[in-house]
Amino acid sequence: MTLLRRSILKLTGAAALSALALGAASVASAQEVTLRLHQFLPAPATVPKNVLVPWIEKIHAESDGRIEIQHFPSMQLGGKPPELIDQAKDGVADIVWTLPGYTPGRFPQTEVFELPFMMTNAEAVSRAYWDMAEKHMMDTDFKDLKILATWVHGPGLIHSADPITSPADLDGVKLRAPTRITNKMFASLGATAVGMPIPAVPEALSKGVIDATVIPWEVTAPLKTSELVENHLEFGDASLYTSTFVLAMNKDTYEGLPDDLKAIIDANSGAELSAMAGRETQAGDVPGRAIAEDLGNSITTLTPEQVAEWQAAAAPIVDAWIAEVSEQGIDGAALVEEARALIAKYSN
């Protein structure tokens, strides 16, 4: 082989290696990421359908397909709903949607929004919740997680086998409540409060384990609550309670993303996502209520005077919560005042 030919072959081989190296660098710079999102409700329910899936699709589009988020509804990755928050912390799932209230007492500052008659509408309260989470909770309650959004559902109400209109009607009623605060409230009003994750409610109602449940209208559709009980109690322009949600990400997973992909997650997180999620969640109340109407169920809406009776009966729960969290070094009175001011700000 001539010296010239050997030189040409060396150059050709070097060029090929260079091309391979450039190709590898190109793949590395366009790193693709697959994340797993785990949550507890069926895919057709309001939040999965109208909040989570559109968010997943938006992330995919804005990342030019480099971020794929696989959606696992109805606890398809295993475990029970109260385990979701630790699944995000431990990396069993990359992202979870869940209720802090599923792990009672672990996220005490979130409970300020679950106090009786605190909320106005879900979008306003969700904005207030995000503001207070940023200010008070990211380095305390949520220090082990990357929080992407915080929101609440629409006004909570009572769905029962027998009619309930006054606090006295709760005496002896076995009632499922969603959070520690609502359990305390209903127990103080005479009910036998039964805590359970929301997917367990239909079976509990059908078997008579509980006589009533408190949930917003939007959840009644996937749970078929209106087919299991015939009485529903609304509180007019007031709201008996709401529950807090988080969309939470594993911290190491987030930190391991390339900077440009982190920026896409960041741009689709925070106040606006929280507000959208609250708004869409409450919008799901309309079709849920329509199902009860179509079934001919009894829907009672309390007068302002009747609501005032409930407010007076529930007021000690707020005072008790303030005293309780104060023992943990949290200024509960200041949190209540701040939450009410922010809710009023965003409700106007």
Side-chain angles (χ1 to χ4, degrees), residues 31-63 65-107 110 141-153 176 178-179 195-204 215 218-219 221-224 243-258 261-262 264-266 268-269 273-274 276-277 280-281 284:
Q31 179 179 347
E32 294 185 356
V33 175
T34 299
L35 305 174
R36 301 194 300 175
L37 190 161
H38 199 201
Q39 55 89 11
F40 56 94
L41 281 184
T46 298
V47 170
K49 180 180 177 182
N50 297 336
V51 177
L52 300 180
V53 169
W55 180 76
I56 288 169
E57 292 172 345
K58 195 167 185 285
I59 295 285
H60 189 265
E62 292 185 10
S63 68
R66 291 174 57 205
I67 301 177
E68 178 187 356
I69 301 177
Q70 298 174 341
H71 179 202
F72 296 89
S74 300
M75 302 304 299
Q76 289 176 354
L77 291 180
K80 297 179 180 179
E83 298 169 13
L84 281 167
I85 204 74
D86 281 323
Q87 290 185 356
K89 177 185 172 184
D90 299 337
V92 174
D94 299 297
I95 304 170
V96 302
W97 169 57
T98 189
L99 290 83
Y102 275 166
T103 49
R106 186 167 168 184
F107 305 97
T110 67
D141 294 46
F142 298 136
K143 64 183 183 298
D144 297 323
L145 300 158
K146 170 68 176 176
I147 300 299
L148 306 178
T150 60
W151 73 93
V152 302
H153 61 61
R176 178 267 178 187
T179 65
M196 66 179 68
I198 203 164
V201 167
E203 183 177 7
I215 50 177
E218 54 99 6
V219 184
L223 297 186
K224 300 187 183 302
S243 298
T244 58
F245 301 112
V246 289
L247 187 65
M249 188 170 183
N250 176 270
K251 267 193 166 182
D252 290 340
T253 300
Y254 173 79
E255 293 298 338
L257 294 174
L261 296 189
K262 277 186 195 173
I264 290 168
I265 296 291
D266 291 345
N268 288 282
S269 303
L273 175 61
S274 301
M276 180 277 281
E280 289 297 327
T281 303

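The shown structure was predicted, so the numbers you read here are calculated from the model rather than taken from an experiment.
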Nearest non-hydrogen partners of [X] and [Y], listed with the distance:
X: Pro199; Y: Tyr102; value: CD-OH, 4.3 Å
X: Thr103; Y: Pro82; value: CG2-O, 3.5 Å
X: His38; Y: Gly78; value: CE1-O, 3.2 Å
X: Ala88; Y: Asn250; value: O-ND2, 2.9 Å

Out of curiosity, [X] [atom1] to [Y] [atom2], how far, rounded to the nearest 0.5 Å?
X: Glu255; Y: Leu257; atom1: CD; atom2: CG; value: 8.5 Å
X: Ile69; Y: Ile95; atom1: CD1; atom2: CD1; value: 4.5 Å
X: Gln87; Y: Lys80; atom1: CD; atom2: NZ; value: 12.5 Å
X: Leu77; Y: Leu84; atom1: CG; atom2: CG; value: 9.0 Å
X: Ile265; Y: Met249; atom1: CD1; atom2: CE; value: 5.0 Å
X: Thr179; Y: Leu99; atom1: OG1; atom2: CG; value: 8.5 Å

Using salt bridge (Lys or Arg N to Asp or Glu O under 4.0 Å) as the criterion, list what pairs up with [X], not counting sequence neighbours.
X: Glu68; value: none
X: Asp252; value: none
X: Lys251; value: none
X: Asp86; value: Arg106

- Message: Would you say NZ of Lys262 has more than 12 non-hydrogen atoms from neighbouring residues, nucleotides or ligands within 6.0 angstrom?
- Response: yes
- With no hydrogens and no angle check, is any side-chain donor or acceptor of Arg176 less than 3.5 Å from a backbone partner on Met196? yes
- Item | Donor-acceptor under 3.5 Å (His153 side chain, Ser243 main chain) | yes
- Query: Does Thr46 have any side-chain contact (heavy atoms from CB on, under 4.5 Å) partners at least two apart in sequence or in another chain, and if so, which?
  - Reply: Asn50, Glu218
- How would you list, by chain and number, every residue that makes a side-chain contact (heavy atoms from CB on, under 4.5 Å) with Pro73, sequence neighbours excluded? Gln39, Ala43, His71, Gln76
- Message: Would Ile85 and Asp144 count as a side-chain contact (heavy atoms from CB on, under 4.5 Å) here? Give the steps.
- Response: CA-CA 10 Å; Ile85 204 74; Asp144 297 323; over 6 Å; no
- Task: Evaluate the side-chain proximity of Val246 to Pro100: yes if any heavy-atom separation is below 4.5 Å, no if none is.
- Result: yes
- Message: Within the 4.5 Å heavy-atom criterion, are Leu145 and Lys89 side-chain neighbours or not?
- Response: yes
- In terms of ring plane angle, is the pair Phe245 and Trp97 parallel, tilted or perpendicular, where the classes change at 30° and 60°? tilted
Under the side chain to side chain donor-acceptor pair (under 3.5 Å) rule, collect the residues that match up with [X], sequence neighbours excluded.
X: Thr281; value: Trp151
X: Ser63; value: none
X: Thr244; value: Glu114
X: Glu83; value: none

- Note on the structure: By ring-ring contact (aromatic ring centres under 6.0 Å, His included), Tyr254 pairs with (sequence neighbours left out) none
- Item | side-chain contact (heavy atoms from CB on, under 4.5 Å) assessment of Leu273 paired with Leu247 | CA-CA 10 Å; Leu273 175 61; Leu247 187 65; 4.2 Å; yes
Give every donor-acceptor pair under 3.5 Å between a side-chain atom in residues 52-59 and any protein atom, sequence neighbours left out.
residue: Trp55; atom: NE1; partner: Asn268; partner atom: O; Å: 2.8
residue: Lys58; atom: NZ; partner: Glu62; partner atom: OE2; Å: 2.7
residue: Lys58; atom: NZ; partner: Asn268; partner atom: OD1; Å: 2.6

